[in-house]
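In what follows, a structure is listed as structure tokens, so that the remarks can point back to it.
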Amino acid sequence: MEKITVGKTEYSDIESIALTEKECFSSPWSETSLREALDNPHHRFFTARLDGEIIGYIGAYNVLGEVSVTNIAVKKEYRKRGAGSMLLEKLITSSADEGADFITLEVRPSNESAVNLYTKYGFLKAGLRRDFYSAPKEDALLMTKRLK
């Protein structure tokens with residue numbers, strides 16, 4: 001039986017995360033950008049693994065109690081198995097443990113499965129960022145979850 005685990009991201013994970021970025025996003029982060037984020041004391045990264053293989057990750061900044069999700073992705077062949085939920089739960093728990101006030105993120109309105117996931121975890125629609133995404137061009141739905 002397969003078991004997904006979520007833990008802290010290590011430098012050795014960056015190459016695999018960068019490949020997942022390329023698979024999932026039209027404007028992926030580079031390995032250099034990912035390494036710089038991992039070095040930043042305000043940035044949090046968690047990685048989901050299945051039998052040792054990295055299948056997804058989440059990244060977020062926590063500055064003065066305001067957590068902003070920078071990226072969350074699960075490899076296409078591993079979606080719908082709970083990894084996205086586990087990553088989001090880990091971020092919510094760790095952010096609350098750090099005393100954060102809220103978590104925000106942007107999501108394509110057309111990404112219904114992601115919007116449904118965030119709604120399930122208590123994120124509320126807070127606004128719209130016009131023309132936020134390119135390739136394809138689309139607005140971003142701003143969603144926020146209060147922790148306090």
Side-chain angles (χ1 to χ4, degrees), residues 4-50 53-76 78-79 82-148:
I4 297 170
T5 59
V6 174
K8 218 172 159 167
T9 300
E10 304 295 334
Y11 286 104
S12 58
D13 301 335
I14 294 296
E15 186 177 344
S16 179
I17 289 172
L19 290 172
T20 304
E21 276 277 314
K22 288 177 187 171
E23 175 189 321
C24 297
F25 300 114
S26 58
S27 299
W29 284 31
S30 68
E31 283 188 43
T32 300
S33 295
L34 290 164
R35 268 193 206 86
E36 288 171 356
L38 193 57
D39 281 336
N40 185 318
H42 298 289
H43 204 272
R44 308 291 175 264
F45 262 118
F46 299 105
T47 307
R49 297 176 193 277
L50 178 64
E53 179 186 353
I54 294 170
I55 63 167
Y57 64 94
I58 190 168
Y61 282 99
N62 182 349
V63 179
L64 300 174
E66 299 176 5
V67 176
S68 179
V69 176
T70 55
N71 36 21
I72 179 172
V74 175
K75 290 180 180 179
K76 288 178 182 159
Y78 296 107
R79 292 181 184 163
S85 292
M86 292 174 71
L87 288 162
L88 197 55
E89 286 172 12
K90 181 70 172 175
L91 179 68
I92 292 167
T93 301
S94 69
S95 298
D97 289 348
E98 292 174 357
D101 296 314
F102 60 88
I103 302 172
T104 63
L105 56 83
E106 290 93 3
V107 61
R108 288 181 184 270
S110 62
N111 188 347
E112 291 178 22
S113 61
V115 172
N116 290 338
L117 174 67
Y118 304 140
T119 301
K120 174 182 164 186
Y121 282 92
F123 284 81
L124 302 173
K125 296 174 185 176
L128 205 61
R129 297 196 195 277
R130 298 270 176 221
D131 299 327
F132 185 81
Y133 294 106
S134 58
K137 190 172 184 175
E138 189 174 354
D139 296 340
L141 183 59
L142 179 63
M143 298 185 79
T144 300
K145 175 180 177 65
R146 296 231 168 257
L147 299 174
K148 292 185 176 178

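- Ring orientation note: the planes of Tyr57 and Phe45 are tilted relative to one another, at an angle of 30° to 60°.
- Pairs of residues two or more places apart, or lying in two chains, that qualify as salt bridge (Lys or Arg N to Asp or Glu O under 4.0 Å) and include a residue from residues 102-120 are Glu106-Arg129, Arg108-Glu138.
- Using a 3.5 Å distance cut-off with no hydrogens or angles, the side chains of Asn111 and Ser113 do pair a donor with an acceptor.
- The shortest non-hydrogen separation linking Ala73 to Cys24 is CB-SG, 3.9 Å.
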Below 3.5 Å, can you tabulate the donor-acceptor pairs from side chains in residues 141-148 to any protein atom, sequence neighbours excluded?
{"residue": "Lys145", "atom": "NZ", "partner": "Tyr121", "partner atom": "O", "Å": "2.9"}
{"residue": "Lys148", "atom": "NZ", "partner": "Gly99", "partner atom": "O", "Å": "3.1"}
{"residue": "Lys148", "atom": "NZ", "partner": "Asp101", "partner atom": "OD1", "Å": "3.4"}

Task: Candidate pair Lys137 and Asp131, rule side-chain contact (heavy atoms from CB on, under 4.5 Å), full reasoning - done: CA-CA 6 Å; Lys137 190 172 184 175; Asp131 299 327; 3.2 Å; yes

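- When all heavy atoms are compared, the tightest approach of Ala60 to Leu91 is CB-CD1, 3.8 Å.
- In this structure, Ile4 CD1 and Ile55 CD1 are separated by 4.0 Å, a value rounded to the nearest 0.5 Å.
- Qualifying side-chain contact (heavy atoms from CB on, under 4.5 Å) partners for Glu15, counting only residues two or more places apart in sequence or in other chains: Glu31.
- Panel note: side chain Ser95, backbone Ala100; no donor-acceptor pair is recorded below 3.5 Å.
- Ring orientation note: the planes of His43 and Trp29 are tilted relative to one another, at an angle of 30° to 60°.
- The backbone N or O of Ser134 sits less than 3.5 Å from a side-chain atom of Ser26, completing a donor-acceptor pair.
- Across Ser16 and Lys75, no two heavy atoms sit closer than the pair OG-NZ, 4.1 Å.
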